[in-house]
**Student:** 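Okay, handing you the structure first.
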Amino acid sequence: MIEITETEALNRVAAYCSTAEHCRAEIAEKLQRWGIAYDAIDRIINRLEQEKYIDEERFCRAFINDKYRFAKWGKMKIGQALQLKKISSSVYWPYLNEIDEEEYHAVLQKLLAAKRKSVRAESEYELNGKLVRFALSRGFEMKDICRCIEVSEENDYSE
């Protein structure tokens with residue numbers, strides 16, 4: 001393995017951070033894989049934070065937006081993913097709570113409607129069970145799932 005100096009490591013991760021949002025844990029892991037000493041990792045990360053290459057709050061906003069809008073994840077799954085990235089719930093909860101409630105339910109409604117078309121079930125009860133499990137796996141909360149399943153059932157009967 002090629003030895004990499006602290007300055008080279010700093011320059012490489014600064015370039016890496018300038019292309020996309022990353023959190024402390026991702027950068028620390030990358031530096032560890034490169035074989036950088038733990039005290040040097042702390043210095044590098046602190047410098048990156050001072051120079052605003054790393055900003056946990058900015059990372060949270062971008063991560064939440066991407067996972068919610070593009071991957072169609074629910075708040076619980078997004079929160080768990082951020083915890084795995086060692087981000088404090090006090091940092092990410094305010095941004096999760098900024099998600100518009102109506103838009104959030106509309107996303108879940110569309111997911112459930114699409115899934116309803118592809119699920120095979122013997123009864124409405126079995127179908128709803130499968131839809132609930134699907135929505136839970138996407139990180140949506142039970143209260144939101146129940147609300148959307150009730151609404152979608154009403155829509156089915158009116159057609």
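Atoms considered below: every heavy atom in the structure, side chains included; atoms not considered: hydrogens, waters and symmetry mates.
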**Student:** Do NZ/NE/NH1/NH2 and the carboxylate oxygens of Glu8 and Arg12 come within less than 4.0 Å?
**Tutor:** no

**Student:** Going by the rule salt bridge (Lys or Arg N to Asp or Glu O under 4.0 Å), which residues pair with Arg58 if we only count those two or more places apart in sequence or in a different chain?
**Tutor:** Glu21

**Student:** Work out which heavy atom in Lys72 is nearest to a heavy atom in Leu111; give both atom names and the distance.
**Tutor:** O-CD1, 3.6 Å

**Student:** If you round to the nearest 0.5 Å, how far is CG of Leu82 from CH2 of Trp93?
**Tutor:** 10.0 Å

**Student:** Which residues satisfy the ring pair (Phe, Tyr, Trp, His ring centres under 6.0 Å) test with Tyr53, sequence neighbours excluded?
**Tutor:** none

**Student:** Search all heavy atoms of Ile87 against all heavy atoms of Cys23 and return the closest pair with its distance.
**Tutor:** CD1-CB, 4.0 Å

**Student:** May I ask you to check whether Tyr92 and Glu57 show a side-chain donor-acceptor distance below 3.5 Å?
**Tutor:** no

**Student:** What pairs with Phe140 under ring pair (Phe, Tyr, Trp, His ring centres under 6.0 Å), at least two apart in sequence or on another chain?
**Tutor:** Tyr104

**Student:** Ignoring hydrogens, what is the shortest heavy-atom contact between Pro94 and Ser89? Give both atom names and the distance.
**Tutor:** CD-O, 4.2 Å

**Student:** Work out which heavy atom in Arg120 is nearest to a heavy atom in Glu126; give both atom names and the distance.
**Tutor:** O-OE2, 4.4 Å

**Student:** Contact between Asn65 and Ile99 at the side-chain level, heavy atoms closer than 4.5 Å - yes or no?
**Tutor:** no

**Student:** Testing Gln50, Glu49, Glu51 for side chain to side chain donor-acceptor pair (under 3.5 Å) with Arg47, which one passes?
**Tutor:** Glu51

**Student:** Minimum heavy-atom separation for Cys148 to Leu108, with atom names?
**Tutor:** SG-CD2, 3.7 Å

**Student:** Whether the Ser90 and Ser88 side chains hold a donor-acceptor pair (N or O, under 3.5 Å, no angle test) is what I'd like checked.
**Tutor:** yes

**Student:** Is the backbone N or O of Glu26 less than 3.5 Å from a side-chain atom of Glu29, with the two atoms forming a donor-acceptor pair by type?
**Tutor:** no

**Student:** For a quick test of reading the model, state the closest non-hydrogen atom pair linking Ile4 to Ile36 and the distance between them.
**Tutor:** CG2-CD1, 3.3 Å

**Student:** I'd like to check the ring pair (Phe, Tyr, Trp, His ring centres under 6.0 Å) partners of Phe63; sequence neighbours left out, ordered by chain and number.
**Tutor:** Phe59

**Student:** With sequence neighbours excluded, tell me which residues meet salt bridge (Lys or Arg N to Asp or Glu O under 4.0 Å) with Lys75.
**Tutor:** Glu101

**Student:** Indicate yes or no: does Glu56 engage Arg24 in a salt bridge with an N to O separation below 4.0 Å.
**Tutor:** no

**Student:** Could you grab the distance from atom CD1 of Ile145 to atom CG of Leu112, nearest 0.5 Å is fine?
**Tutor:** 7.5 Å

**Student:** Kindly determine whether Cys17 and Ile27 satisfy side-chain contact (heavy atoms from CB on, under 4.5 Å), including the steps that lead there.
**Tutor:** CA-CA 9 Å; Cys17 289; Ile27 300 305; 3.5 Å; yes

**Student:** Taking only residues two or more places apart in sequence or in another chain, which ones pass salt bridge (Lys or Arg N to Asp or Glu O under 4.0 Å) with Glu6?
**Tutor:** Arg43

**Student:** Identify whether the distance between the nearest side-chain nitrogen and carboxylate oxygen of Arg69 and Glu103 falls below 4.0 Å.
**Tutor:** yes

